[in-house]
Amino acid sequence: MSRYSAITGWGKYVPEGRLTNADLERMVETSDEWITTRTGIKERRIARPDESASTLCIAAAREALERAEIEGSDLGLIIVATVSQDYKFPSTANLVQHAVGAQCGAFDMQAACSGFIYALSVAHQFITTGAIKHALVIGCEVLSRVMDYTDRGTCVLFGDGAGAVVLSASDEPGGLLGFTLGSDGAKPELLYIPAGGSKEPLTEEGLREGKQWVHMQGGEVFKFATRIMGTAMEEALANAGMSSDEMDLFIPHQANLRIIESASKRLGVPTEKVFVNIERYGNTSAAAVPIALCEAVEQGRVLQGQHIGMVAFGAGLTWAAAVVKWTAPVVSGPTTTTSTKEPASAAVQW
Ligand code: UT7
């Protein structure tokens, strides 16, 4: 009998602190008008000083486990996709494993914004080979800790958050039907943190030069993104034996509304089938796709038997896409760990 890997649980956590375009107008030379028209972003969430990647992951994970109606001890694997882990080592997945009471292997994966779909495809292998029954897959970032809030080219774009899914073995046809992964490491400097690794350990001089922060050549990444989003999604659909008009919902990486619109147009996906929440969270890198998936389910935009296309791109450069047939019965409604507070920029301390 075939084994399939189905999403049986989903959860998210976004910090309460909001950094609005109006806040950014007071910090760098920018405007709400520029940010809105060039990116589609209105505000992003910023973690409190006592929050970190692991606390965000744990909150999202608990919700996903609850939805899947399993305990941490039922898990066979935990993967956290992040570039803003608590420590260089040990992995954030180790911390999550302890917190949720799991007794299984746990590791972090790094494919920048594409990380969640990379991790999902890895968990899928463990499940479909019969090695494990349940995997917890999390995409999480606290990018506010590596942002230069004097660089208007990057600081207006990124935010913090976490999204998690439980992937479970199933005999019912569905779940992850096809995926594709890609990498082009020719120009790492297009989007990177220059120092703090083994190539250039962080020195006082490096700190003065701001080499601990995210550096990006936005225009180059933009051109790459508009090309790769459609191609990658088409590849994953072809691997699933499907075409783009069979997608019921398209969940693209939330990096820039203009990139999303360009990819949707290229794929011929009508606006009503495209999920967008970038205006509220900005680009949360590896967390963007799972947070969007979770919200789409909560909003009743995913029904049993429907096909969801997900695609992401990011530093590396990397890209990844996946097609999932939704098999879980959907109970819509807001999640317990999401803030419902009104915008409160005062919540963000600098
Ligand atoms: O997950 C992957 C992460 N990265 C991305 O997805 C980034 C992809 N790239 C982008 O989204 C866009 O390239 C940006 C939003 C970063 C920039 O938009 P753009 O339309 O490509 O602008 P640009 O870089 O060509 O800059 C146009 C102008 C420049 O001024 P001058 O040289 O024409 O005078 C910039 O200095 O806009 C200026 N600019 C800004 N102005 C106000 C750049 N950032 C800002 C800003 N506010 N925040």
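Both ligands and their constituent atoms are indexed starting at 1 by order of listing.
Smallest separation of non-hydrogen atoms from Leu191 and Ala315: O-CB, 3.4 Å. Between Ala47 and Ser144 the shortest heavy-atom distance is N-OG, 4.3 Å.
For atom 22 (O) of ligand 1, a protein non-hydrogen atom is found at a distance below 4.0 Å. At a distance under 4.0 Å, a protein heavy atom can be found next to atom 27 (C) of ligand 1. Proximity of atom 39 (N) of ligand 1 to the protein is indicated by at least one non-hydrogen atom lying closer than 4.0 angstrom. Protein heavy atoms come within 4.0 Å of atom 4 (N) of ligand 1. Within a 4.0 Å radius of atom 31 (P) of ligand 1, the protein contributes no heavy atom. Shown here, atom 36 (O) of ligand 1 is in close reach of the protein: a heavy atom of it lies under 4.0 Å off.
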Decide side-chain contact (heavy atoms from CB on, under 4.5 Å) for Arg301 and Asp248; before the verdict, give the C-alpha distance in whole Å, the side-chain angles of both, and the deciding distance to 0.1 Å. CA-CA 9 Å; Arg301 291 190 59 182; Asp248 297 293; over 6 Å; no

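The cluster map of Ile, Leu, Val, Met, Phe, Trp and Tyr, joined by side-chain heavy atoms under 4.5 Å apart, puts Met27 and Trp34 in the same cluster. Neither Leu136 nor Ile132 shares a network with the other; the hydrophobic side chains, linked directly or stepwise wherever heavy atoms of I, L, V, M, F, W or Y lie under 4.5 Å apart, form separate groups for each. Val302 and Val166 end up in different hydrophobic clusters when Ile, Leu, Val, Met, Phe, Trp and Tyr side chains are linked at under 4.5 Å.
The distance criterion of under 3.5 Å between nitrogen or oxygen atoms is met by Arg258 with respect to ligand 1. In terms of polar-atom proximity, defined here as any N/O pair under 3.5 Å, Gly218 does make such a contact with ligand 1. Geometrically, ligand 1 and Thr39 share no nitrogen or oxygen pair separated by less than 3.5 Å.
Using 4.0 Å as the threshold, Ala225 has no heavy atom nearer than that to any atom of ligand 1. Ligand 1 has at least one atom lying under 4.0 Å from a heavy atom of Leu191. Using a non-hydrogen distance threshold of 4.0 Å, Ile35 does not register as a contact of ligand 1.
The protein heavy-atom contact nearest to atom 6 (O) of ligand 1 is Ala255 CB, 3.3 Å. When hydrogens are left out, the protein atom nearest atom 11 (O) of ligand 1 is Asn256 ND2, 2.7 Å; that is the closest non-hydrogen contact. Looking only at protein heavy atoms, the nearest one to atom 47 (N) of ligand 1 is Thr30 OG1, 2.6 Å. Here the heavy atom of the protein found nearest to atom 44 (N) of ligand 1 is Trp34 CH2, 3.3 Å. Looking only at protein heavy atoms, the nearest one to atom 48 (N) of ligand 1 is Arg152 O, 3.0 Å.
Partner Tyr13 forms a side chain to side chain donor-acceptor pair (under 3.5 Å) with one of Glu51, Glu63, Arg45, Arg62 and no other, that one being Glu51.
One finds no salt bridge joining Arg18 and Asp23 here, because no Lys/Arg side-chain nitrogen approaches an Asp/Glu carboxylate oxygen to under 4.0 Å. For Arg208 and Glu205, the salt-bridge test fails: no basic side-chain N is under 4.0 Å from an acidic carboxylate O. Checked for salt-bridge contact, Glu295 and Arg280 meet the test: a charged N lies under 4.0 Å from a carboxylate O. Salt-bridge check for Glu16 with Arg48: failed, with every basic side-chain N at 4.0 Å or more from each acidic carboxylate O. Using a cut-off of 4.0 Å between Lys/Arg side-chain N and Asp/Glu carboxylate O, Lys211 and Glu209 are scored as salt-bridged.
With Asp108 contributing its side chain and Ser91 its backbone, the two residues share no donor-acceptor pair below 3.5 Å.
At a 4.0 Å heavy-atom cut-off, ligand 1 does not touch Thr154 at all. Residue Val28 does not touch ligand 1, judged by heavy-atom distances below 4.0 Å.
Of all atoms in ligand 1, listed by their number and element, those nearer than 4.0 Å to a heavy atom of Phe313 are 1 (O), 2 (C), 6 (O). The distance from ligand 1 to the heavy atoms of His253 drops below 4.0 Å at these ligand atoms: 1 (O). Distances below 4.0 Å separate heavy atoms of Gly219 from the following atoms of ligand 1: 13 (O). In summary, the atoms of ligand 1 found under 4.0 Å from a heavy atom of Asn283, numbered by their order in the structure, are 1 (O), 2 (C), 3 (C). Listed by number with element, the atoms of ligand 1 under 4.0 Å from a non-hydrogen atom of Cys113 are 1 (O), 2 (C). Interface of Arg38 with ligand 1, defined as ligand atoms under 4.0 Å from a residue heavy atom, comprises 19 (P), 20 (O), 22 (O), 27 (C). The distance from ligand 1 to the heavy atoms of Val156 drops below 4.0 Å at these ligand atoms: 48 (N).
From Leu95, atom CG reaches atom OG of Ser52 across 8.0 Å, with rounding to the nearest 0.5 Å. Annotation: the span from Leu202 atom CG to Glu200 atom CD amounts to 8.0 Å, rounded to 0.5 Å.
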